K.L.:
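This is the structure I want to talk about, given as structure tokens.
Please read these numbers as outputs of a predicted model, since none were measured by experiment.
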Amino acid sequence: MDLKPITTKERLAIPRQTMPAQDPAERVHNFNEVNLGYTPEMAQKEAMRCIQCKDPICIKGCPVNIKIDKFIKLIAEGNFLGAAKKIKEDNILPAICGRVCPQEDQCEKVCVLTKKYTPVAIGNLERFAADYEREHGHIELPEVQAATGKKVAVIGSGPAGLSCANDLARFGHSVTVFEALHELGGVLMYGIPEFRLPKDIVKIEIEGLKKIGVEFVANTVVGRSVTIDELMNEEHFDAVFIGVGAGLPWFMGIPGENLLGVYAANEFLTRVNLMQSYTFPENDTPVFNCKGKNIAVFGGGNTAMDAVRTAKRLGAEHAYIVYRRSEAEMPARAEEIHNAKEEGIEFLLLMNPVEFIGNEQQWLTGVKCIRMELGEPDDSGRRKPVPIKGSEFVLPVDMAVVSIGNGSNPLIKQTTPEIEVSRRDTIVVDINTMATSKENVYAGGDIVTGGATVILAMGAGRTAAKAIHEQLTGQSSDPR
Amino acid sequence: MYNIVSAIFLAENIKKIEIQAPRIAKKRKAGQFVMIRAGEHGERIPLTIAGSDPEKGTITIIVQGMGKSTRELNLKETGDTIHDIVGPLGTPSHIEKFGTAVSIGGGVGTAIAYPTAVALKEAGNYVITINGARTRDLVILEDEMKAVSDEAYITTDDGSYGFHGFVTQKLQELIDSGKPIDYVLAIGPIPMMKAVAEVTRPYGIPTVVSLNPVMVDGTGMCGGCRVTVDNETRFACVDGPEFDAHKVDFKNLSDRNRMYLPEEKQSVEAFSHKCHLGQLH
Ligand SMILES: Cc1cc2nc3c(=O)[nH]c(=O)nc-3n(C[C@H](O)[C@H](O)[C@H](O)COP(=O)(O)OP(=O)(O)OC[C@H]3O[C@@H](n4cnc5c(N)ncnc54)[C@H](O)[C@@H]3O)c2cc1C
Ligand SMILES: Cc1cc2nc3c(=O)[nH]c(=O)nc-3n(C[C@H](O)[C@H](O)[C@H](O)COP(=O)(O)OP(=O)(O)OC[C@H]3O[C@@H](n4cnc5c(N)ncnc54)[C@H](O)[C@@H]3O)c2cc1C
Ligand code: SF4
Ligand code: SF4
Ligand code: FES
């Protein structure tokens with residue numbers, strides 16, 4: 001397409017293109033994706049808003065430094081496949097990151113347009129390019145270097161494991177991914193719901209890895225089914241990457257937490273997403289019947305938003321977010337908070353649960369909450385909520401979901417004590433190489449950082465792959 | 001897909017299934033379990049590994065048909081396959097030479113207790129087994145239990161075989177006879193395990209039970225299997241399933257196990273309907 005010369009002023013006059021979405025009234029009755037994606041025309045128009053900075057500062061805001069200016073230019077020119085290819089030089093899962101990255105805290109936060117105008121919709125454009133490539137069946141398999149004869153085991157098939165496996169396979173190593181669950185993809189499959197990230201997209205990405213030779217072994221819990229030492233000594237893996245995520249739900253330790261109807265977010269979301277209980281009884285796994293019920297989710301992160309919107313879709317009458325700070329402090333993506341509000345989720349802010357209350361049959365009937373006010377900033381720089389004396393009241397609810405974060409699963413630590421862990425049980429690594437304290441064992445993603453983001457986990461997987469390659473072959477090479 | 005090498009009924013509604021799963025066969029220890037998903041749309045359910053043959057690469061499970069998932073498993077025949085199986089999971093039984101160890105099994109709990117009874121015997125204990133069933137036809141693993149026991153007792157609720165009464169009555173009888181008992185393992189329905197705990201409590205006999213909360217992943221990820229032990233929340237799939245019987249909150253466990261009663265009923269009804277119409281397979 002021939003681009004008419006367009007002045008900066010004209011570019012700045014184009015309004016940010018809003019992503020079409022399912023109508024809120026309709027989407028609360030289904031699990032289909034909320035956002036519908038840009039049309040090519042919209043994508044080009046949005047891409048035209050980018051003023052192609054000489055020093056594209058947006059790139060620094062992206063944890064994997066996607067060449068944002070370049071791929072956006074390609075979209076503006078109508079070269080959508082070229083744009084997808086450009087993104088994939090740095091990010092192997094663009095269809096996923098475009099959907100779930102907290103752009104407003106990363107690339108879009110630093111875009112020069114942000115201060116005076118609205119930022120370029122970098123995430124939406126990334127998603128568009130990746131979707132276009134996939135939907136047009138043009139996914140090109142990346143080049144794979146000659147086989148090195150080295151074997152690497154990757155533990156966990158979340159974004160950290162997948163990106164590490166991808167790069168290692170391209171370096172020519174033989175890669176086997178071990179996954180505890182029966183489905184591959186980690187949180188992308190069992191945590192983030194279909195309405196935000198269609199599972200078919202994750203499956204297609206994983207098919208791509210299989211095509212470049214990555215082997216996947218599901219139903220294998222490393223630490224129980226086989227240990228890291230056995231993998232290295234008996235099955236002769238030359239190196240191991242640990243990407244097991246943060247998967248041990250925290251509870252609040254308040255009375256009544258074991259009543260019937262109280263879930264950890266992981267369980268609620270796993271039942272619905274992984275086991276597809278929303279189709280019960282076609283799928284055998286049940287989940288609390290939310291129809292016409294009042295439900296409350298405790299927390300303010302992405303997981304909490306996913307849980308509460310899931311409950312709404314399962315038919316909840318009132319679905320509350322109960323969060324002890326104010327909206328400004330909520331860690332969830334801005335878009336999800338916005339979408340949740342559109343869907344009629346009720347936000348009860350500056351409020352903290354102190355006790356779950358049950359009936360004679362031990363079913364949850366309500367939660368005693370206390371109102372909070374914001375005091376002085378704490379270590380994290382956020383103003384610390386303090387309870388207001390005497391402000392307790394009982395919120396009547398039939399089901400509650402605790403979503404206050406996850407710690408580390410102890411299985412690897414128990415069976416491989418040489419791997420140094422922090423006080424919080426996260427694995428300690430050299431951040432330049434992701435090497436752990438055990439020789440030829442690397443780690444990355446949530447197991448190192450604690451619950452973080454998809455893109456950070458991916459970045460860590462890639463850093464580790466590079467270091468593993470250098471360690472195994474003594475040469476540095478770039479597969480990109 | 002995992003191949004079923006053999007599948008035979010031990011008693012009405014209780015089936016012994018041997019499955020090809022070499023990694024698990026090599027690794028498993030007494031007291032550990034697997035999570036099984038029979039078919040593509042199935043639930044993940046926990047089942048104890050009753051035995052294994054590392055050479056053949058097989059493990060054995062013993063399944064009692066309760067609801068939809070276990071009944072579906074019990075329809076499997078030799079040559080059929082199982083969609084997913086993962087393990088071994090859970091902390092293995094704590095085995096040492098206690099002296100005299102009593103292993104008590106109730107119903108299908110007999111199958112769950114069996115591997116631990118074997119391990120107790122191998123560790124040099126004087127092993128007494130008490131296995132209870134409602135009636136004679138439901139007695140399972142009689143010969144196997146005899147083979148690992150120094151004394152083996154069977155109790156039936158209706159007196160149709162062995163000792164007439166509950167396993168707890170037999171246990172009380174042994175204690176009253178002045179036999180020194182150093183360790184008790186009890187596995188079966190929750191009321192039975194609770195009753196055993198009450199029998200041994202006054203004597204301070206170390207007693208262990210294997211808890212059966214509802215599980216989803218079996219790896220410590222979901223928190224659904226949480227039980228209250230010594231007033232603390234523990235995850236049965238990683239911290240257990242065996243716990244100190246004198247510290248378990250059995251009421252909370254049996255309450256929590258009622259969570260999906262209406263859905264379980266619905267599943268079974270839909271399943272029976274399909275069975276009648278011959279729409280399975
Ligand atoms: C509900 C929810 C919503 C989220 N929303 C967002 C979002 O919108 N944007 C965003 O950027 N981030 C989001 N996150 C965070 C993001 O998903 C994680 O930071 C990211 O998935 C971490 O990747 P990972 O590869 O480290 O681990 P995971 O994705 O957790 O994958 C780890 C994998 O390892 C497997 N495993 C664990 N132990 C073993 C073992 N012993 N042996 C074998 N396999 C094992 C697990 O089963 C799992 O499949 C969300 C998280 C949740 C839970
Ligand atoms: C560690 C452990 C080891 C076990 N070993 C054996 C064994 O060797 N042989 C055997 O026959 N049974 C065993 N069980 C019990 C078995 O898992 C349940 O009977 C089975 O899950 C019931 O499923 P269902 O669909 O047939 O019945 P449902 O109709 O769904 O339920 C019947 C009852 O089983 C329990 N249950 C339901 N779903 C689950 C689940 N996902 N996890 C755990 N319990 C559930 C509930 O208490 C419920 O009331 C074990 C349980 C645990 C926790
Ligand atoms: S990967 Fe995430 S941070 Fe990077 S450009 Fe894409 S949306 Fe922005
Ligand atoms: S900072 Fe914004 S305007 Fe500048 S190149 Fe990046 S996306 Fe375009
Ligand atoms: S079954 Fe999920 S944590 Fe134990």
Side-chain angles (χ1 to χ4, degrees), chain A residues 179-183 190-191 217-221 223-227 230 234 244-251 253 257-271 274-277 279-289 358 361-363 402 406-411 414, chain B residues 2 21 23-24 26-28 32 34-35 37-45 67-69 72 83-91 214 216-228 232-233 235 238-239 249 251-260 262-264 266-267 269-271:
Chain A
E179 167 57 49
L181 294 172
H182 59 266
E183 282 272 18
Y190 74 72
V217 182
N219 291 323
T220 306
V221 183
R224 289 276 199 228
S225 315
V226 61
T227 63
E230 287 164 350
E234 292 168 26
V244 293
L248 187 86
W250 282 327
F251 286 91
E257 218 154 18
N258 292 343
L259 287 168
L260 284 77
V262 183
Y263 282 104
N266 280 5
E267 183 186 358
F268 182 63
L269 290 170
T270 300
R271 283 181 179 272
L274 182 72
M275 308 311 294
Q276 309 201 340
S277 342
T279 63
F280 181 85
E282 280 99 87
N283 278 286
D284 290 341
T285 308
V287 69
F288 179 84
N289 186 347
Q361 287 79 45
Q362 299 302 301
W363 274 100
V402 178
N406 289 302
S408 309
N409 191 297
L411 287 183
Q414 282 166 4
Chain B
Y2 299 77
R23 241 190 240 277
I24 306 174
K26 199 171 106 191
K27 200 72 191 166
R28 73 101 196 179
Q32 289 190 299
V34 287
M35 295 296 298
R37 207 162 68 108
E40 207 193 330
H41 302 284
E43 261 183 301
R44 294 168 64 98
I45 60 163
K68 154 97 203 266
S69 305
E72 191 176 3
H83 212 281
D84 294 291
I85 170 164
V86 55
L89 300 171
T91 304
V214 172
V216 184
D217 59 305
T219 69
M221 183 270 281
C222 79
C225 64
R226 59 196 193 275
V227 290
T228 311
E232 270 183 52
T233 293
F235 290 1
V238 283
D239 302 326
D249 182 342
K251 164 116 178 32
N252 185 237
L253 176 63
S254 57
D255 286 338
R256 284 183 60 81
N257 275 0
R258 282 190 285 106
M259 176 118 178
Y260 298 104
E263 288 81 11
E264 285 157 7
Q266 192 186 344
S267 257
E269 276 161 13
F271 182 67

K.L.:
Any non-hydrogen side-chain atom of A:Arg224 less than 4.5 Å from a side-chain atom of B:Val86?
P.N.:
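No - every pair of side-chain heavy atoms lies 4.5 Å or more apart.
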K.L.:
Taking C-beta and beyond as the side chain, do B:Tyr2 and A:Asn219 meet within less than 4.5 Å on heavy atoms?
P.N.:
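A side-chain contact exists here, since the closest heavy-atom pair is under 4.5 Å.
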K.L.:
Would you call B:His83 and A:His182 a side-chain contact if the rule is heavy atoms closer than 4.5 Å?
P.N.:
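No, their side chains stay 4.5 Å or more apart.
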K.L.:
Relative to chain B, which segment of A:Asn406 carries a heavy atom at a distance below 4.5 Å: side chain, backbone, both, or neither?
P.N.:
neither
K.L.:
Is A:Gln276 in contact with chain B via its backbone, its side chain, both, or neither, using a 4.5 Å heavy-atom distance?
P.N.:
neither
K.L.:
Quick one, B:Leu89 and A:Val221 - any side-chain contact, counting heavy atoms below 4.5 Å?
P.N.:
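Yes, at least one pair of side-chain atoms sits under 4.5 Å.
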K.L.:
State whether the side chain of A:Asn266 and the backbone N or O of B:Met221 hold a donor-acceptor pair below 3.5 Å, judged by distance alone.
P.N.:
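Pair found, side chain donor or acceptor close to backbone of B:Met221.
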K.L.:
Does B:Arg226 come within less than 4.0 Å of A:Glu257, counting only side-chain N to carboxylate O?
P.N.:
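So B:Arg226 does not pair with A:Glu257 through a salt bridge.
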K.L.:
Quick one: what part of A:Tyr190 sits under 4.5 Å from any heavy atom of chain B, side chain, backbone, both or neither?
P.N.:
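Answer is side chain: those atoms of A:Tyr190 sit under 4.5 Å from chain B.
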K.L.:
Between A:Val287, A:Asn289, A:Thr279, which shows the greatest number of heavy-atom pairs under 4.5 Å with chain B?
P.N.:
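Top option by heavy-atom pairs under 4.5 Å: A:Val287.
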K.L.:
Do the side-chain N and O atoms of B:Arg256 and A:Asn258 include a donor-acceptor pair separated by under 3.5 angstrom?
P.N.:
no
K.L.:
Between B:Asp255 and A:Leu260, is there a donor-acceptor pair closer than 3.5 Å when you use the side chain of the first and the backbone of the second?
P.N.:
no
K.L.:
Nearest 0.5 Å, please: how far is CE in B:Met259 from CG in A:Leu259?
P.N.:
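Rounded to the nearest 0.5 Å, the CG-CE separation comes out at 10.5 Å.
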K.L.:
Identify which of B:Arg44, B:Glu232, B:Gln266 forms the greatest number of heavy-atom pairs closer than 4.5 Å to chain A.
P.N.:
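So the answer, after comparing B:Arg44, B:Glu232, B:Gln266, is B:Arg44.
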K.L.:
Between B:Arg258 (side chain only) and A:Gln362 (backbone N and O only), is there a donor and an acceptor less than 3.5 Å apart?
P.N.:
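Pair absent, no side-chain N/O of B:Arg258 close to backbone of A:Gln362.
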K.L.:
Counting only heavy atoms closer than 4.5 Å, note whether A:Ser225 contacts chain B via side chain, backbone, both or neither.
P.N.:
both
K.L.:
So how far is it from A:Thr285 OG1 to B:Ile45 CD1, rounded to the nearest 0.5 Å?
P.N.:
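Rounded to the nearest 0.5 Å, the OG1-CD1 separation comes out at 10.5 Å.
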K.L.:
Which word best sums up how the rings of A:Phe251 and B:Phe235 line up, parallel for under 30°, tilted for 30 to 60°, or perpendicular for over 60°?
P.N.:
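A:Phe251 vs B:Phe235 ring planes: perpendicular.
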K.L.:
Please state whether the side chain, the backbone, both or neither of A:Val262 comes within less than 4.5 Å of a heavy atom of chain B.
P.N.:
both
K.L.:
Checking side-chain contact (heavy atoms from CB on, under 4.5 Å) against A:Met275, which of B:His41, B:Arg37, B:Glu43 comes through?
P.N.:
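When side-chain contact (heavy atoms from CB on, under 4.5 Å) is applied between A:Met275 and each of B:His41, B:Arg37, B:Glu43, only B:Arg37 qualifies.
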K.L.:
Counting only heavy atoms closer than 4.5 Å, note whether A:Leu269 contacts chain B via side chain, backbone, both or neither.
P.N.:
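For A:Leu269, no heavy atom lies under 4.5 Å from chain B.
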